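Along the sequence shown, the residues carry numbers beginning at 1. In listed order, ligands and their atoms are each counted from 1. Keep in mind that this is a model prediction, so the values were computed, not measured.
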Amino acid sequence: MLKRITLLGPPGAGKGTQAKLLAAKNGLSHLSTGDILRDEVACDTELGRLAKGYMDRGDLVPDTLIIDMIKGRLDEDSGFILDGFPRTVTQAEALEKIILIDVAINIALSREEVIRRLSSRRVCRDCGKIYNLLYNSPKNEGVCDACGGELFQRDDDRREVIENRYDVYIDATAPLINFYKERSLLKNVDGSQPTELVSDQILAALRSS
Ligand code: AMP
């Protein structure tokens, strides 16, 4: 089993959901820069205060902050799944200097589908479980099936912020598809399918790497 994986793809492609599944099945750690930043904001740390404005607008947090934040968290000996990192070529180049990854999985999704999905996404405030009111709604409205926690809509899942996040993805992050292709590390999967099928495709891609 490959141990160092990064998941690429636009916001809403299912990186978080797939990273959690893969991590649980394969004993890998799940590193989501978005989750780490949201924790920093919630704890009102210096980094959280610096990052919040960018996040609220759907812009990227500056590379230097992200690279410093991720550095101490990448362990040579344990496998990991990166979710939402790297997000720029500068971050990918910095990552290469810290540790080499084994494979980059690109979960592809169209702009229309990104907007449709993100505006229907809800997250559990307590355990972080992700729902989608379109195809994976909770049994009781507003309540997490797993832990009974309250479901909420992320501030950056509002329509105008979603559109900016997608544009930022195209400008800053999509170039990573070529970056990893040139290094023969890229695998593509179709993110428009149901979660289990995407998960199967990812496992097949990992087996064939
Ligand atoms: P996510 O949960 O991955 O969609 O991230 C939420 C927000 O956190 C993004 O819209 C960015 O503002 C910020 N963020 C997360 N990861 C990164 C990153 N690698 N580089 C810059 N900003 C990031």
First locate atom NZ of Lys187, then atom CD1 of Ile5, and finally report the distance between them rounded to the nearest 0.5 Å.
12.5 Å

Of Asn136, Ile115, Leu134, Asp157, which is the lone residue that meets side chain to side chain contact (heavy atoms under 4.5 Å, CB included) with Ser120?
Leu134

Measuring from non-hydrogen atoms of Arg154 to any atom of ligand 1, is the shortest distance under 4.0 Å?
yes

Do Ile81 and Val198 belong to the same hydrophobic cluster, where Ile, Leu, Val, Met, Phe, Trp and Tyr are linked whenever their side-chain heavy atoms lie under 4.5 Å apart, directly or via other members?
yes

Is there a nitrogen or oxygen of Gly84 sitting under 3.5 Å from a nitrogen or oxygen of ligand 1?
yes

Give a yes/no verdict on a cation-pi contact between Arg57 and Tyr54, requiring under 6.0 Å between NZ or CZ and the six-membered ring centre and an angle within 45° of the axis.
yes

Is the CD atom of Glu160 crowded by more than 12 outside heavy atoms at less than 6.0 Å?
yes

For a salt bridge (Lys or Arg N to Asp or Glu O under 4.0 Å) check, start with the C-alpha distance between Lys52 and Asp44, then their side-chain angles and the critical distance, and finish with the verdict.
CA-CA 9 Å; Lys52 188 175 185 318; Asp44 199 25; over 6 Å; no

Below a 4.0 angstrom heavy-atom separation, can you tell me which part of Gln91, side chain or backbone, both or neither, approaches ligand 1?
side chain

Does ligand 1 have a heavy atom under 4.0 Å from the side chain of Val61, from its backbone, from both, or from neither?
both

Does Arg38 have a heavy atom less than 4.0 Å from any atom of ligand 1?
yes

Can an N or O of Asp156 be found at a distance shorter than 3.5 Å from an N or O of ligand 1?
no

Among all protein heavy atoms, pick the one closest to atom 16 (N) of ligand 1 and tell me residue, atom and distance.
Thr33 OG1, 2.8 Å

Looking only at heavy atoms, is any part of Asp59 under 4.0 Å from ligand 1, and if so is it the side chain, the backbone, or both, or is it neither?
backbone

Atom 14 (N) of ligand 1: nearest protein contact (heavy atom, Å):
Leu37 CD1, 3.5 Å

A student comparing Arg165, Met55, Arg87 should find that the heavy atom closest to atom 9 (C) of ligand 1 comes from Arg87

Leu60 contact mode with ligand 1 (heavy-atom cut-off under 4.0 Å)
both

Can you list the steps and then say if Glu163 with Arg159 is a salt bridge (Lys or Arg N to Asp or Glu O under 4.0 Å)?
CA-CA 6 Å; Glu163 288 178 355; Arg159 171 115 196 177; 2.9 Å; yes

Do Leu82 and Leu22 sit in one hydrophobic cluster, given that two such residues count as connected whenever their side-chain heavy atoms are within less than 4.5 Å of each other, even indirectly?
no

